[in-house]
Visitor: 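Take this structure, written in structure tokens, and hold onto it; I'll ask about it next.
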Amino acid sequence: FEQPDGSLTVTVAKGFPLVSGADSYPLKLQEGQVHWLNSSGAAVDISDKIGGGQLHGWLEIQDEVLPKYQTELDGLADAFAWAVNQVHSQGVGLEYFSGTVSGAHATDPSGLLTTLPMGGRIDTSKDFKMWIQDNRTSPPGYDAVVIDLDAQPPSASPLTVAPSGAANSVLDTYTFKVSPPGAVIGADPVEITWASSAAEETIALEPGALPLTIAVDGMQVEFSAATGALDEFTISTDAQGVPTASLPSDSDYWTLDDFAAAFNAAVGARFGGPVVAASVADNRLVFSAQSGDYRFAFGDDGFDDSGLAAALGFNTFFAGQGAAGISVNGLLADKSLIAAARIEAASGEISAGDNRNALALADVQHDTYGIAQWTFARGRAATSTAFTSTLEGFHGRMVGSMGLQALRFYQSQESAGLMVNSLQQQRDSVSAVSLDEEMINLIKYQQAYTAASKLLSVSDEMLIALINSR
């Protein structure tokens, strides 16, 4: 807009000036965000304040559209890989596994199974089952080992928390985290960090006799036991601020070492020795047949699987995560390992020509799954809602949504173009040069010049005639 002295002021995003009289203020793109630089050169992030124009369009694509579809595509790829892997992991190829087989997926340094890339999909209310083939006899002998994942793991010391009093923040959820990883409340120096929707704090606790109590935003939180492996929990408050703790279940405390110990104990009890042993290397589980006389395989046609084998990365069809990361398991270069069959639950044997697991893999396309639909908005946290559909149905919805988004952008561009043209015509009608009008004026001036020339010519002739008449 124009100032009284005739100078111009150009602003962007809620009044931040780009030009004010003789002064200018540049914009800078830094780490995907638009920053306005003031007169001292200090940067102010104005990305969330830009509500129109090309900058808004670019930011919307960068911060909202692309993250949405990338995240949903990754979710679809992970759901597809998990569905196939869970079925494939419970099948068997032409023969049992021999030698040493390492899981494809690793936990974090805590070793917790819940920290596997697909650890959240393990159903600990179900079990893990391995069949072991003994080739010392002819025909071979078969026996199975089952690990109950719903039980408390051997090394777990589950967190025990008792909140009391009334919290200052009602209808809220307080999130607690105990650090450092592996520390045990009462035995080690720890820090307890809590956060609600309104406040957060870190409290240091020195070693001491249990129970230990801390004050948290009006509440009293008493610890009578804690684990060094899983130290996260929440406390929810009702309309009066009365707190209720939500703690991890016993089964959430399973680690790779716990599982290996339970598996080795079960095998020893069943076979009298470690004919197949479980160990941990590089935060991955490893199964090893101790001699060429023994082989192993997973699940059978009568077993309701927990998904642990698939989460650990044993006998899976796909490796990796995300749309850009999944690939066919390299072990399947040996086609005999493609798990098209299922073990007979009654005998442990593989029937010739069995294709039941191959048919189950084909049926994955007809099953429904809950996959997250995402909403990204600049300046706000991303949110998601569950969408239950077949894998193909979710892909179709995602592609359709993308098409509608592209149509919206096209229509918006077209509408803006029409508006710009209309404004240009209105401006031109007032202040711009009209070629038709200028051509008319040119012809008019040309005719006037011709008439003036003719008058001068006639006047000259008359003057000459008068002079000559004397």
Side-chain angles (χ1 to χ4, degrees), residues 1-70 72 373-380 382 396-455:
F1 51 89
E2 187 174 355
Q3 300 288 1
D5 61 0
S7 63
L8 295 177
T9 297
V10 180
T11 64
V12 66
K14 305 297 183 182
F16 288 90
L18 294 177
V19 176
S20 180
D23 299 321
S24 63
Y25 304 88
L27 298 179
K28 180 181 180 182
L29 185 65
Q30 183 176 351
E31 297 180 355
Q33 302 299 307
V34 178
H35 292 80
W36 175 81
L37 304 182
N38 62 20
S39 56
S40 63
V44 179
D45 188 352
I46 63 170
S47 303
D48 297 340
K49 299 178 175 61
I50 298 174
Q54 284 188 333
L55 277 180
H56 170 76
W58 292 335
L59 289 170
E60 184 178 356
I61 291 292
Q62 171 191 275
D63 298 335
E64 299 179 12
V65 178
L66 290 181
K68 169 183 171 63
Y69 293 117
Q70 286 175 339
E72 289 185 355
Q373 291 184 124
W374 286 89
T375 300
F376 285 79
R378 283 189 295 119
R380 297 195 298 273
R397 184 213 61 81
M398 186 176 65
V399 172
S401 172
M402 194 180 302
L404 290 174
Q405 187 81 280
L407 177 62
R408 181 176 71 84
F409 288 153
Y410 173 78
Q411 290 176 337
S412 177
Q413 181 189 35
E414 190 176 50
S415 175
L418 292 173
M419 182 178 295
V420 168
N421 289 336
S422 175
L423 292 173
Q424 285 179 337
Q425 290 175 3
Q426 293 180 40
R427 183 198 64 184
D428 292 347
S429 67
V430 175
S431 61
V433 174
S434 171
L435 294 179
D436 292 339
E437 184 178 352
E438 294 303 318
M439 182 60 71
I440 292 172
N441 288 336
L442 181 61
I443 294 172
K444 181 175 67 176
Y445 296 143
Q446 183 181 18
Q447 293 296 328
Y449 175 79
T450 301
S453 298
K454 187 68 173 176
L455 178 60

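It should be emphasised that the depicted structure is a prediction, and the values quoted were computed from it without experimental measurement.
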Visitor: Given side chains that start at C-beta, do those of Met439 and Ile443 come closer than 4.5 Å, heavy atoms only?
Guide: yes
Visitor: Is there a donor-acceptor contact under 3.5 Å from the side chain of Ser412 to the main chain of Arg408?
Guide: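 Pair absent, no side-chain N/O of Ser412 close to backbone of Arg408.
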Visitor: So, taking the atom named CD in Glu72 and the one named CD in Gln70, what distance separates them when rounded to the nearest 0.5 Å?
Guide: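 Spacing of CD (Glu72) from CD (Gln70) equals 11.0 Å.
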Visitor: What's the shortest heavy-atom distance between Trp374 and Lys68, and which atoms?
Guide: O-NZ, 2.9 Å
Visitor: To the nearest 0.5 angstrom, please state how far the CG atom of Leu18 sits from the CG atom of Asp23.
Guide: 12.5 Å
Visitor: Go through the structure and list residues passing side chain to side chain donor-acceptor pair (under 3.5 Å) with Ser401, not counting sequence neighbours.
Guide: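 In terms of side chain to side chain donor-acceptor pair (under 3.5 Å), with neighbours along the sequence ignored, Ser401 is linked to Tyr69.
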Visitor: Looking at every non-hydrogen atom in both residues, tell me the closest pair between Ser47 and Leu59 and how far apart they are.
Guide: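 Distance-wise, the nearest heavy atoms are O-CD1, 3.8 Å.
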Visitor: Please round to the nearest 0.5 Å and tell me the distance separating atom CD of Gln446 and atom CG of Asn441.
Guide: 12.5 Å
Visitor: How long is the straight-line distance from CG of Asp48 back to CG of Asp63, given to the nearest 0.5 Å?
Guide: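 Here the rounded value is 8.0 Å.
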Visitor: Taking only residues two or more places apart in sequence or in another chain, which ones pass side chain to side chain donor-acceptor pair (under 3.5 Å) with Gln62?
Guide: none
Visitor: Apply side-chain contact (heavy atoms from CB on, under 4.5 Å) to residues His56 and Arg378 and explain how you reach the verdict.
Guide: CA-CA 10 Å; His56 170 76; Arg378 283 189 295 119; 3.1 Å; yes
Visitor: Listed by chain and number, what are the ring pair (Phe, Tyr, Trp, His ring centres under 6.0 Å) partners of Tyr25, not counting sequence neighbours?
Guide: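 By the ring pair (Phe, Tyr, Trp, His ring centres under 6.0 Å) rule, Tyr25 matches Trp36.
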Visitor: CD of Gln33 to CD1 of Ile50: how many Å apart, nearest 0.5 Å?
Guide: 9.5 Å
Visitor: With side-chain contact (heavy atoms from CB on, under 4.5 Å) as the test, would you mind laying out the steps for Val34 and Leu29 before giving the verdict?
Guide: CA-CA 5 Å; Val34 178; Leu29 185 65; 4.3 Å; yes
Visitor: Do the non-hydrogen side-chain atoms of Phe409 and Gln413 ever get within less than 4.5 Å of each other?
Guide: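 A side-chain contact is absent here, since even the closest heavy-atom pair is not under 4.5 Å.
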